[in-house]
Amino acid sequence: MKVLSVLCALLITVATAKQELSESQYRDAFTDWMISNQKSYSSSEFITRYNIFKTNFDYIEEWNSKGSETVLGLNKMADITNEEYRSLYLGKPFDASSLIGTKEEILFSNKFSSTVDWRKKGAVTHVKNQQSCSGCWSFSATGATEGAHKLANNGTNELVSLSEQNLIDCSTPFGNTGCNGGVITYAFEYIISNGGIDTEKSYPFEGTDGTCRYKSENSGATISSYVNVTFGSESSLESAVNVNPVACSIDASHSSFLFYKSGIYFEPACSRTNLDHGVLVVGYGTENSQSQDSSSEPNHSNYWIAKNSWGINGYILMSKDRDNMCGISTLASFPIV
Ligand SMILES: *[C@@H]1O[C@H](CO)[C@@H](O)[C@H](O)[C@H]1NC(C)=O
Ligand SMILES: *[C@@H]1O[C@H](CO)[C@@H](O)[C@H](O)[C@H]1NC(C)=O
Ligand SMILES: *[C@@H]1O[C@H](CO)[C@@H](O)[C@H](O)[C@H]1NC(C)=O
């Protein structure tokens with residue numbers, strides 16, 4: 001039996017504090033989860049996946065019992081370990097520690113709106129599914145390029161969904177390694193040098209590395225250059241998000257990111273320099289601070305809206321103005337048409 005700490009007893013969260021489940025309760029939870037996620041296993045694999053599920057279940061229950069502003073929940077990835085998650089979905093960590101604080105801060109706009117949401121301006125395509133391919137870098141690169149293309153010509157262009165597979169198959173000479181990982185700016189360099197990127201429709205996502213099949217007649221957008229947000233500056237990132245959706249690299253290695261369900265994502269263990277995932281920041285905002293946990297610290301209600309493959313319909317609200325949490329502003333860039 002878990003003994004409740006005195007602190008915990010003082011909070012209203014007592015009702016949801018962690019309870020050990022009986023074996024049959026875990027079994028029921030697992031079979032319910034299997035049904036709702038349409039999973040089936042061979043009998044030898046069942047036990048392995050069941051044990052992993054139990055560990056993840058406990059992790060989520062324990063996290064949620066602590067009254068964090070981040071709420072976790074079981075999702076379709078609840079049967080994989082943290083190691084499997086990192087190898088299936090994330091890239092090899094990129095060490096950006098030497099870059100932080102090396103540049104003078106650049107602002108890209110004088111206009112700082114109190115909130116930005118490019119989805120409402122029709123500059124963001126539907127959420128795409130990266131599947132079990134560590135090609136997240138290609139999704140943030142297409143997302144930022146889709147936004148730049150749409151917003152060029154005073155917003156009169158059409159929103160065109162662009163091809164991640166094109167980047168995965170063709171940007172290897174620029175230093176990327178397809179479904180084994182890549183760097184967003186290398187993808188921009190490929191698009192510039194190639195003179196375009198194909199549409200999603202003509203070159204759909206396959207989730208594995210293939211040979212380069214770019215066809216200039218299917219090109220959906222071009223860019224002439226790109227800019228970097230000042231390494232590690234959230235003000236620089238904020239000014240950039242006023243201009244365009246921004247492709248950001250983050251530390252997503254923690255299970256809390258994998259099981260994010262709602263609230264503002266805050267992970268005290270997150271690194272600002274060890275970056276293994278790409279997302280697209282499409283805006284920012286502030287939560288109505290009626291919530292009890294965050295009222296004392298104003299910055300705790302600020303968030304970035306990050307387009308991902310999973311989360312709230314594919315989006316994760318990431319902590320903003322909390323000391324560059326998870327490195328959101330460490331390696332961030334957007335293209336110029
Ligand atoms: C750009 O679009 C806005 C509204 O969408 C319009 O008010 C403005 O005049 C346009 N600017 C130019 C240079 O066409
Ligand atoms: C942007 O940052 C990346 C990563 O440090 C670097 O490789 C690239 O040269 C920079 N590009 C520009 C245009 O500043
Ligand atoms: C809180 O936000 C303000 C700007 O909104 C910023 O100047 C300050 O550094 C932030 N505090 C932390 C701890 O990040």
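Atoms within a ligand are numbered from 1 in the order they appear, just like the ligands themselves. No experiment lies behind these values; they were computed from the predicted model shown.
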Close N/O pairs between ligand 1 and protein, under 3.5 Å:
| unit_1 | atom_1 | unit_2 | atom_2 | d |
| --- | --- | --- | --- | --- |
| ligand 1 | 2 (O) | N154 | OD1 | 3.4 |
| ligand 1 | 2 (O) | N154 | ND2 | 2.4 |
| ligand 1 | 11 (N) | N154 | ND2 | 2.6 |
| ligand 1 | 14 (O) | N154 | ND2 | 3.2 |

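A salt bridge is defined here as a Lys NZ or Arg NE, NH1 or NH2 lying under 4.0 Å from an Asp or Glu carboxylate O, and K54 with E23 meets this definition. With salt bridges taken as basic N to acidic carboxylate O contacts below 4.0 Å, none links R272 and E234.
In this structure, Y41 has its ring center no closer than 6.0 Å to that of Y50. Checked against the 6.0 Å centroid criterion, the rings of F46 and F30 qualify as a close aromatic pair.
Contacts of L99 with ligand 2, taken as heavy-atom pairs under 4.0 Å, involve the side chain alone.
Considering backbone and side-chain atoms alike, N228 places an N or O below 3.5 Å from some N or O of ligand 2.
Residue contact check for ligand 2: Y186 places no non-hydrogen atom closer than 4.0 Å to it.
Cluster partners of Y203 are absent, since no Ile, Leu, Val, Met, Phe, Trp or Tyr has side-chain heavy atoms less than 4.5 Å from it.
Using cut-offs of 30° and 60° on the angle between ring planes, the pair Y89 and Y85 is tilted.
Following chains of ILVMFWY side-chain contacts shorter than 4.5 Å, one can reach I250 starting from V241, so the two form part of one hydrophobic cluster.
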